[in-house]
Number of protein chains: 2
Amino acid sequence: MQTYYNNEITLLKTFDIRPLNHRVAVLEYLNTHRTHPTADDIYNGLKTTMASISRTTVYNVLHLLVDKKVISTVGIDAQEMRYDAQTTPHLHFKCDQCGKIYDMFDATIPEISLEPNFTVHNVTVYISGLCPDCSK
Amino acid sequence: MQTYYNNEITLLKTFDIRPLNHRVAVLEYLNTHRTHPTADDIYNGLKTTMASISRTTVYNVLHLLVDKKVISTVGIDAQEMRYDAQTTPHLHFKCDQCGKIYDMFDATIPEISLEPNFTVHNVTVYISGLCPDCSK
DNA sequence: TTCAATGCAAATTTTTTGCAAAGTC
DNA sequence: GACTTTGCAAAAAATTTGCATTGAA
């Protein structure tokens with residue numbers, strides 16, 4: 001079985017995750033495909049180069065990486081979960097026309113002030129509209 | 001079959017939707033259950049009083065109401081879609097501990113300014129954290 | 001009577017689970 | 001050798017579809 005030597009290994013170790021080949025492969029796929037792929041996208045993308053990988057393993061690895069906060073989920077689609085290796089804070093924009101999802105690094109994450117006694121862990125912002133291509 | 005005489009009928013007519021009994025019932029359920037129910041919640045809630053209603057119809061009606069913007073979707077759960085008859089702009093807060101979803105009317109919807117050429121239709125904000133009950 | 005809406009059952013899609021086999025330290 | 005991870009197949013959960021029946025204007 002092929003062995004990976006790259007910085008995904010270092011990253012996983014930082015998070016106290018044993019850098020097994022499948023884990024490295026999933027993380028590498030996410031790092032090189034910044035298109036917010038679904039579990040199925042990842043599975044299909046990897047199975048060509050990685051003879052033995054199963055959907056179960058892709059789900060296992062994704063759940064682990066989300067749990068340990070190495071990656072994050074993008075629940076902008078109604079039907080299936082998407083995943084994102086991007087760690088810089090950013091928003092997601094989905095085009096109503098073409099369906100493409102854009103990262104928005106420039107937009108500022110809003111400061112949300114809630115009623116007292118609510119503790120905020122995370123703020124997620126999804127924006128929908130028309131992308132430049134579809135606005136024409 | 002029971003016939004409804006209430007303001008849901010008026011509301012549906014406003015949106016150019018024929019106020020058929022099943023539609024009125026689903027909308028009424030959403031108006032009286034401000035708990036962001038799932039399609040299944042609605043189906044189970046209605047089938048006791050409405051002898052003949054099917055899951056298909058619940059989905060049909062929900063899709064129609066969302067399409068016509070009478071109600072909105074709440075995609076805060078990874079697994080299943082939730083629905084909301086609330087029309088006042090507000091945010092959603094989900095407690096990481098108890099899973100309860102809160103409406104946040106006081107929090108201000110952020111002004112998002114994107115790169116030019118992006119047209120914003122809708123901004124959705126999901127907040128996760130601990131609710132007062134679970135913060136104790 | 002024409003067209004729209006419904007309900008059933010089956011199919012589809014996404015994700016999870018149980019468990020035996022294989023891999024890792 | 002003990003413990004973790006994997007893969008298969010099957011199950012589960014949420015949603016959609018095809019189509020015949022029913023209901024509404």
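What you see is a predicted model, and the numbers here were worked out from it, not measured in a lab.
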Out of C:dT16, C:dA9, D:dG7, whichever nucleotide has its closest atom nearest the side chain of A:Thr57 = D:dG7
With DNA chain D as reference, determine whether B:Gln79 or A:Asn60 sits nearer its 5' end, using the nearest nucleotide of each.
-> A:Asn60
Check whether any side-chain N or O of A:His22 sits under 4.0 Å from OP1 or OP2 of D:dT5, and answer yes or no.
-> no
Less than 4.5 Å apart, any side-chain heavy atom of A:His22 and any of A:Leu20?
-> no
In this structure, are over 12 heavy atoms from other groups packed under 6.0 Å from A:Lys13 atom NZ?
-> no
Between A:Arg55 (CZ) and C:dT16 (C1'), how many Å, whole number?
-> 13 Å
Phosphate OP1/OP2 of C:dG7 contacted by B:Ser52 side-chain N/O (<4.0 Å) = yes
Which of the following nucleotides, D:dT5, C:dC8, D:dT15, is nearest to the side chain of A:Arg23?
-> D:dT5
d(CG, B:Leu64; P, D:dT15) in whole Å = 17 Å
If you pin B:His63 and B:Leu20 to their nearest nucleotides in DNA chain D, which one's is more 5'?
-> B:His63
Flag side-chain contact, heavy atom, 4.5 Å: A:Phe118 against B:Ser135 | no
What integer distance in Å separates B:Tyr43:OH from D:dT16:P?
-> 17 Å
What nucleotide among D:dA24, C:dT15, D:dA9 has an atom nearest to a side-chain atom of B:Arg18?
-> D:dA24
What's the CG-P distance between A:Leu65 and D:dT5, to the nearest Å?
-> 12 Å
Please work out which of the three classes, parallel, tilted or perpendicular, describes the rings of B:His90 and B:His92, given edges at 30° and 60°.
-> perpendicular
Please state how far atom OH in A:Tyr83 lies from atom C1' in C:dT14, giving the value in whole angstrom units.
-> 10 Å
B:Ser54 has its side chain closest, among D:dT6, C:dT15, C:dC8, to C:dC8
NZ of B:Lys13 versus C1' of D:dA25: gap in Å, rounded?
-> 13 Å
To the nearest angstrom, how far is A:Tyr59 atom OH from C:dT14 atom P?
-> 7 Å
Checking D:dT15, C:dT15, C:dG7 against the side chain of A:Met81 (C-beta onward), the nearest is C:dT15
Under 4.5 Å between any side-chain heavy atoms of A:Ile71 and A:Asp84, yes or no?
-> no
Where the side chain of B:Glu80 is concerned, which of C:dC25, D:dT15, C:dT15 is the nearest nucleotide?
-> D:dT15
Rounded to whole Å, CD1 of A:Ile53 lies from P of C:dA22 at a distance of 18 Å
